[in-house]
Amino acid sequence: MNKVELEKRVEELSSLLHQYGHAYYVLDKPLVSDATYDTYFQELLKIENEYPALKRSDSPTQRVGGEILAGFGKVTHENPMLSLSNAFNEADLRDFDRRVQAATTANVSYICELKIDGLAISLRYVEGRFTQGATRGDGTVGEDITTNLSTIRTVPLRLDDPISIEVRGEAYMPKKSFVQLNEARDAEGEEPFANPRNAAAGSLRQLDPKIAASRNLATFVYAIGGDGTDYGIDSHSEALNYADRLGFKTNKERKRCASIEEVLQYIEEWTEKRANLDYEIDGIVVKVDLFEDQEQLGYTARSPKWAIAYKFPAAEVMTKLIDVELSVGRTGVVTPTAILEPVLVDGTTVGRASLHNEDLIKEKDIRIGDMVIIRKAGDIIPEVVAPMIESRTGIESPFNMPENCPECDAELIRLEEEVALRCVNPKCPAQRREAIIHFVSRNAMNIEGIGERVVDQLYKAELVHDVSDLYTLTKDQLIELERMGEKSVANLLSAIEQSKENSLEKVLFGLGIRHVGVKAASILAEEFGTLDELMKADVERLITINEIGDKVADSITTYFSNEDVCEVLRKLKAYGLNLAYKGPVRENLPTEGIFVDKTVVLTGKLIEMTRGDAKKKIEALGGNVTGSVSKNTDLVIAGEAAGSKLVRANELEITVWDELQLIQALGEKEPEQ
Ligand code: IVH
């Protein structure tokens with residue numbers, strides 16, 4: 001064959017293999033025998049080996065996994081990857097339904113889906129080719145695991161339509177593959193994985209893609225357009241059908257439900273049937289179908305208000321309570337933890353469980369030596385439910401909390417209205433250690449390579465006393481620590497250096513100010529812009545901010561009035577930490593123009609562009625596009641058949657433009673004379 005013929009043959013083989021693979025792995029309807037597939041595959045492999053220039057990145061031969069990577073790069077998600085709020089019972093679901101009904105107009109339909117117990121992934125395609133796959137990470141920045149994801153057969157390397165799109169879904173390990181993998185590991189004397197989710201996550205975190213390729217992972221796509229593009233689609237159900245047409249695997253068990261009663265029925269049905277599935281599910285996700293309704297409902301900082309995850313009730317098992325261990329947290333709270341005879345719950349071995357607090361131990365009369373019932377709910381720490389009083393032999397001993405801190409011996413205090421016992425010694429080593437662990441954690445400064453173990457080592461070696469000391473660490477100091485090689489030291493130092501660039505909200509959350517969680521930290525960062533400005537604010541100023549109440553405001557001012565705190569903050573500044581807000585909206589955006597700082601709502605159908613495109617363009621010109629009309633809205637763009645939002649805009653006397661006015665303002669067309 002000459003070059004042109006070879007190229008043609010490569011394309012032909014790739015296309016056939018792509019089609020056969022899709023039929024086999026995505027549709028579960030094989031078109032040809034394994035032998036036929038293999039013959040074509042070998043032919044393609046042979047040509048590619050002889051003429052490497054003909055090997056393309058979306059070739060089916062790429063599934064076997066290429067070279068070993070040096071590490072995973074970071075990927076900033078164009079829109080954050082959120083999580084879901086949880087429902088644990090019928091009442092929670094009915095509350096959700098009430099909230100939905102209150103915020104939407106017409107009859108709402110829900111789509112119920114299985115909640116796959118794996119890990120969230122984002123898949124990005126440019127002109128129909130798979131270009132980037134990432135983990136969720138902290139929701140804003142994930143890891144680039146493109147090579148590992150391209151080994152998964154249900155991830156199309158090319159789409160049936162050459163479009164650019166981001167989709168999101170779940171990567172998981174089927175139950176059967178999990179059992180086989182653990183059997184193989186056991187035979188090799190390797191530690192088994194605790195559950196399929198850990199096995200899937202562990203596989204995708206391997207630097208050698210051949211390992212991921214050998215693990216039989218699979219995916220379900222559950223959303224499209226993570227970058228905000230809407231593809232002219234109006235509902236979640238249509239979006240999933242569209243994903244099917246593009247060649248993705250979506251989960252077929254989804255169902256439209258016209259009422260919360262039907263949702264409850266679906267849940268009941270799957271609570272029974274889940275054991276028969278080939279993969280693990282940990283609940284049911286209920287989503288509002290129409291995008292229009294979804295927009296009305298909007299989002300919290302962490303999750304959409306238009307969806308909820310019902311979690312199946314936790315499994316309960318019995319084991320022996322061997323001892324009670326005490327630990328001191330970041331805020332000085334002393335927590336008792338049950339040390340148990342290891343037992344398998346829901347596929348995970350559990351050796352420790354929370355006992356919550358002293359009152360609860362007394363109330364339930366839990367004694368050391370008791371047989372106890374323990375419960376594990378999803379990703380929540382297992383807890384001791386109750387002792388089995390009838391199994392007592394008489395040698396069990398009641399547990400009493402100590403009067404002094406188990407770490408620093410200071411007297412423990414019980415604050416008013418609190419059940420917890422607290423160590424209030426600000427110099428308590430346990431609190432300092434926990435504060436550092438919190439500071440480096442994912443939602444805070446996200447310093448990879450420092451976990452509990454390393455913080456422990458750093459603290460014991462007296463290298464770090466407070467968070468600012470992290471920025472003084474040197475190679476010579478770190479290399480002395482146990483299990484630290486040249487490479488990990490270099491990675492660690494670079495991660496610490498990188499963290500200096502974090503936006504203010506990460507620092508604020510990391511400081512661990514009481515009552516300042518991720519959301520409050522973001523609100524404060526956006527409101528004040530810099531740490532210095534925030535530190536100047538008094539309680540009166542703070543409570544003018546929506547969502548900041550008395551308790552939070554008090555806690556903030558008390559925190560900043562502490563001299564030790566101020567000293568740490570001065571040091572952080574001196575070491576070059578960024579202490580300003582770098583919010584996505586305001587970064588590199590124009591400061592002048594018609595849309596700057598304007599809150600815009602898009603409604604109705606646009607003809608010349610999709611709503612997603614319009615949103616992007618307005619945001620690029622400094623505007624904020626939000627989902628619902630309120631008194632804070634500056635401008636409403638009403639396309640065809642605009643409904644309740646337009647009515648509301650008129651009621652509130654907000655400026656309304658049609659699409660043509662928008663296009664003119666975007667500067668895309670000359671205004672008509
Ligand atoms: S929708 C905006 N649908 O559950 C959030 N999530 O906290 C969109 N998950 O880690 C999530 N099955 O990866 C959605 N059918 C499903 C899901 C699902 C599993 C995971 C998701 C995330 C967690 C939600």
Side-chain angles (χ1 to χ4, degrees), residues 68-74 137-138 141 143 205 207 325 327-332 405-410 423 425-513 521 531 559-560 562-580 582:
I68 299 181
L69 307 174
F72 298 118
K74 299 236 166 179
D138 64 1
V141 180
E143 270 180 333
R205 228 175 277 127
L207 291 172
E325 196 181 271
S327 58
V328 187
R330 170 166 68 84
T331 55
C405 173
E407 293 275 347
C408 71
D409 212 35
C423 167
N425 170 15
K427 302 224 152 56
C428 172
Q431 289 178 55
R432 292 182 160 231
R433 182 180 148 270
E434 291 300 319
I436 299 165
I437 293 173
H438 173 76
F439 185 78
V440 299
S441 68
R442 210 155 64 161
N443 285 329
M445 298 300 273
N446 195 15
I447 305 181
E448 232 169 86
I450 310 191
E452 245 172 82
R453 188 177 58 85
V454 175
V455 172
D456 249 351
Q457 286 179 301
L458 292 171
Y459 202 87
K460 284 207 184 100
E462 296 192 12
L463 293 175
V464 174
H465 307 92
D466 64 54
V467 296
S468 72
D469 295 332
L470 290 169
Y471 295 93
T472 64
L473 291 171
T474 63
K475 184 176 163 198
D476 293 346
Q477 292 173 329
L478 290 170
I479 202 86
E480 293 294 313
L481 302 179
E482 228 176 90
R483 287 203 267 173
M484 273 283 182
E486 290 269 341
K487 185 120 191 274
S488 29
V489 168
N491 287 344
L492 194 66
L493 286 172
S494 128
I496 293 175
E497 194 56 33
Q498 226 180 329
S499 76
K500 290 184 181 172
E501 300 308 317
N502 280 340
S503 180
L504 176 62
E505 64 278 14
K506 291 237 160 212
V507 184
L508 276 183
F509 175 65
L511 291 175
I513 308 167
L531 183 71
Y559 179 82
F560 287 124
N562 180 317
E563 193 33 50
D564 289 343
V565 164
C566 293
E567 180 57 28
V568 171
L569 295 175
R570 269 195 292 277
K571 283 199 265 176
L572 286 177
K573 196 169 187 179
Y575 298 143
L577 228 77
N578 167 57
L579 297 172
K582 295 183 166 182

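All values below come from the heavy atoms of this structure, side chains included, with hydrogens, waters and symmetry mates left out. This one's a predicted model, so the numbers in the text were calculated from it and none came from an experiment.
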How long is the span from the [atom1] atom in [X] to the [atom2] atom in [Y], to the nearest 0.5 Å?
X	Y	atom1	atom2	answer
Leu458	Leu463	CG	CG	6.0 Å
Glu480	Thr474	CD	OG1	9.5 Å
Gln477	Met484	CD	CE	12.0 Å
Leu481	Leu473	CG	CG	8.5 Å
Lys571	Asp469	NZ	CG	5.0 Å
Leu569	Lys573	CG	NZ	9.5 Å

Show your working on side chain to side chain contact (heavy atoms under 4.5 Å, CB included) between Ile437 and Asp456 and close with a plain yes or no.
-> CA-CA 9 Å; Ile437 293 173; Asp456 249 351; over 6 Å; no
Dump the intermediate steps for side chain to side chain contact (heavy atoms under 4.5 Å, CB included) on Glu448 and Asn491, then the final yes or no.
-> CA-CA 8 Å; Glu448 232 169 86; Asn491 287 344; over 6 Å; no
Check: [Y] and [X] side chains under 4.5 Å, non-hydrogen atoms:
X	Y	result
Ile436	Ile450	no
Cys423	Gln431	yes
Arg433	Glu407	no
Glu143	Arg205	yes

Show your reasoning for whether side chain to side chain contact (heavy atoms under 4.5 Å, CB included) applies to Val565 and Leu511.
-> CA-CA 9 Å; Val565 164; Leu511 291 175; over 6 Å; no
Under 3.5 Å: donor-acceptor pair, side chain of [X], backbone of [Y]:
X	Y	result
Lys500	Tyr575	yes
His438	Phe509	yes
Asn578	Asn502	yes

Between Ser468 and Asp466, does a side chain to side chain donor-acceptor pair (under 3.5 Å) hold up when you go through it step by step?
-> CA-CA 6 Å; Ser468 72; Asp466 64 54; 2.6 Å; yes
Which heavy atom of [X] sits nearest a heavy atom of [Y], and at what distance?
X	Y	answer
Lys427	Arg432	CA-NE, 3.7 Å
Cys428	Val328	SG-CG1, 4.3 Å
Val454	Gly449	CG2-O, 3.6 Å
Leu577	Met445	CD2-CE, 4.0 Å
Ala410	Asn425	CB-CB, 3.9 Å
Leu470	Phe439	CD1-CD2, 3.7 Å

Note: Glu501-Lys506 ion pair, threshold 4.0 Å (strictly below) =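 No, no charged N to carboxylate O under 4.0 Å.
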Would one find more than 12 heavy atoms of other residues, nucleotides or ligands at under 6.0 Å from atom NZ of Lys74?
->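 Counting neighbours around NZ of Lys74, more than 12 heavy atoms of other residues, nucleotides or ligands fall under 6.0 Å, so yes.
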